[in-house]
Amino acid sequence: MTLDRRQILFGGAVFAATSMLGGAVGTARRTGLVTPAVPVLPPAPAMPAMAAGPVIDPVVPAALLAEARDALDRQGASIKRDRMAIVDFAAASSTPRLHLVNLESGAVRSLLVTHGSGSDPGHSGWTERFSNQHGSNASCHGAFRVLDYYHGKHGRSQRLAGLDPSNSNALDRAIVIHGAWYAEPQVVTDTGKLGRSQGCFAVGDTKLAELYDHLGSDRLLYAAKIA
């Protein structure tokens, strides 16, 4: 078979290119410049799943619980992290809205708690507004650190330090936890709502020991109204 000029030239070019490539590879191998093949590694073992925290009783609204947890996380190690109290001011005073949360077991107990007369001028039973001002007689909201006990006009009471701009005057305003006859369950039975405080977190005298046993001191009380 006769080869034309183009076939001869093409074959020569292919031979030359192949020879050059082979020579380059050989040189690279002699000089150690050939990139070694990447070994195929077995897949990494799956990381063990981290143990989830206890599920908190859903009686506490999820959004409110998330806010309370965030508030706790913002505090230093001096705040105890095993238990806390959460007040749901979006609920009526006739509803047990002071939630005693055990963060280790997930258990929740709920008590009745008042709001201030300045937060509910018409005594509707609903928290309508908040104030951090002296003389407002209103509830304030945010994170509180529970402090020491003392004996005052309402008997054994517990001081609170406000940790947010919305409640920074709580200690000076004497916004505290105390017992009151107008926070007893029978008042709800008789009137459909609790009485009002001057901004303090008042619970029934018969429930005060339960609250104090749960909170102790240096724990967090979080109060908010989330619509």
Side-chain angles (χ1 to χ4, degrees), residues 49-93 95-116 119 127 129-133 138-150 156-179 183 197 199-204 207-227:
M50 295 184 66
V55 176
I56 304 299
D57 191 315
V59 68
V60 185
L64 180 60
L65 177 62
E67 277 197 7
R69 284 187 180 276
D70 287 344
L72 181 60
D73 288 341
R74 289 194 297 270
Q75 307 309 315
S78 60
I79 294 286
K80 298 172 185 175
R81 306 180 65 85
D82 56 342
R83 301 191 295 274
M84 68 187 304
I86 302 176
V87 178
D88 181 9
F89 275 135
S93 68
T95 303
R97 56 182 179 172
L98 169 55
H99 305 297
L100 310 183
V101 181
N102 187 315
L103 296 170
E104 295 180 334
S105 69
V108 177
R109 292 169 289 156
S110 301
L111 306 175
L112 295 167
V113 67
T114 65
H115 51 246
S119 291
T127 309
R129 61 192 185 208
F130 298 101
S131 177
N132 192 35
Q133 299 302 310
S139 297
C140 48
H141 61 100
F144 301 80
R145 179 174 181 161
V146 294
L147 302 177
D148 57 314
Y149 300 100
Y150 70 99
R156 192 183 185 205
S157 305
Q158 187 171 28
R159 293 183 175 90
L160 298 170
L163 303 176
D164 293 319
S166 58
N167 62 6
S168 57
N169 291 326
L171 193 58
D172 290 341
R173 290 179 59 202
I175 302 299
V176 302
I177 297 171
H178 65 76
S197 67
C200 293
F201 297 91
V203 301
K207 300 295 182 179
L208 194 59
E210 181 178 355
L211 174 56
Y212 287 164
D213 286 345
H214 175 84
L215 271 182
S217 60
D218 297 321
R219 289 187 174 88
L220 199 78
L221 183 151
Y222 188 77
K225 179 179 180 180
I226 300 179

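A distance-only check finds no donor-acceptor pair linking the side chain of Ser217 to the backbone of Leu147 [under 3.5 Å]. In this structure a side-chain-to-backbone donor-acceptor pair under 3.5 Å is missing from Thr114 to Ser93. Counting only distance, with no hydrogens or angles, the side chain of Lys225 and the backbone of Thr127 share a donor-acceptor pair below 3.5 Å. Looking only at distances, no side-chain donor or acceptor of Ser139 sits under 3.5 Å from a matching main-chain atom of Phe130. In this structure a side-chain-to-backbone donor-acceptor pair under 3.5 Å is missing from His115 to Ser197.
Considering all non-hydrogen atoms of both residues, Gly106 and Pro54 come closest at N-CB, 3.8 Å. The shortest heavy-atom contact between Leu64 and Ala224 is CD1-CB, 3.8 Å. Across Leu100 and Ala85, no two heavy atoms sit closer than the pair CD2-CB, 4.2 Å.
Legend: residues meeting ring-ring contact (aromatic ring centres under 6.0 Å, His included) with Tyr150, ordered by chain and number and at least two apart, are absent. Take Asp73 and apply the salt bridge (charged side-chain N to carboxylate O under 4.0 Å, His left out) test, not counting sequence neighbours, and it matches Arg81. When the salt bridge (charged side-chain N to carboxylate O under 4.0 Å, His left out) test is applied to Arg83, no partner is found at least two apart in sequence or on another chain. The side chain to side chain contact (heavy atoms under 4.5 Å, CB included) test applied to Ser131 returns Gln133, Ser136, Ala138, not counting sequence neighbours. Residues that satisfy the side chain to side chain contact (heavy atoms under 4.5 Å, CB included) test with Ala223, not counting sequence neighbours, are Val87, Phe89, Phe144, Phe201, Leu221. Legend: residues meeting salt bridge (charged side-chain N to carboxylate O under 4.0 Å, His left out) with Glu104, ordered by chain and number and at least two apart, are absent. Asp172 meets the salt bridge (charged side-chain N to carboxylate O under 4.0 Å, His left out) test with no other residue; sequence neighbours excluded. Checked against side-chain hydrogen bond (donor to acceptor under 3.5 Å, both in side chains), Ser168 has the following partners two or more places apart in sequence or in another chain: Asn132. Under the rule for a side-chain hydrogen bond (donor to acceptor under 3.5 Å, both in side chains), the partners of Glu210 that lie at least two apart in sequence or sit in another chain are Arg109. Under the side-chain hydrogen bond (donor to acceptor under 3.5 Å, both in side chains) criterion, Ser110 pairs with His99, sequence neighbours left out.
Side-chain contact between Val60 and Asp88: absent, with no pair of heavy atoms (C-beta onward) separated by less than 4.5 Å. Side-chain contact between Asn167 and Ile175: absent, with no pair of heavy atoms (C-beta onward) separated by less than 4.5 Å. Between Leu215 and Ile177, some side-chain heavy-atom pair lies under the 4.5 Å cut-off.
One distance of note links CD1 of Ile86 with CG of Leu220; it measures 8.5 Å at 0.5 Å rounding. To the nearest 0.5 Å, atoms CG (Leu112) and CG (Leu98) are separated by 9.0 Å.
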Let me have the donor-acceptor pairs involving side chains of residues 65-72, under 3.5 Å, with sequence neighbours excluded, atom names and distances please.
from: Glu67; atom 1: OE1; to: Tyr222; atom 2: OH; distance (Å): 2.6

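Pairs passing the side chain to side chain donor-acceptor pair (under 3.5 Å) check and including a residue from residues 156-166, sequence neighbours excluded, read Asp148-Arg159.
Of the residues listed (Arg145, Gln75, Lys80), the one engaging Asp218 in a side-chain hydrogen bond (donor to acceptor under 3.5 Å, both in side chains) is Arg145, and it is the only one.
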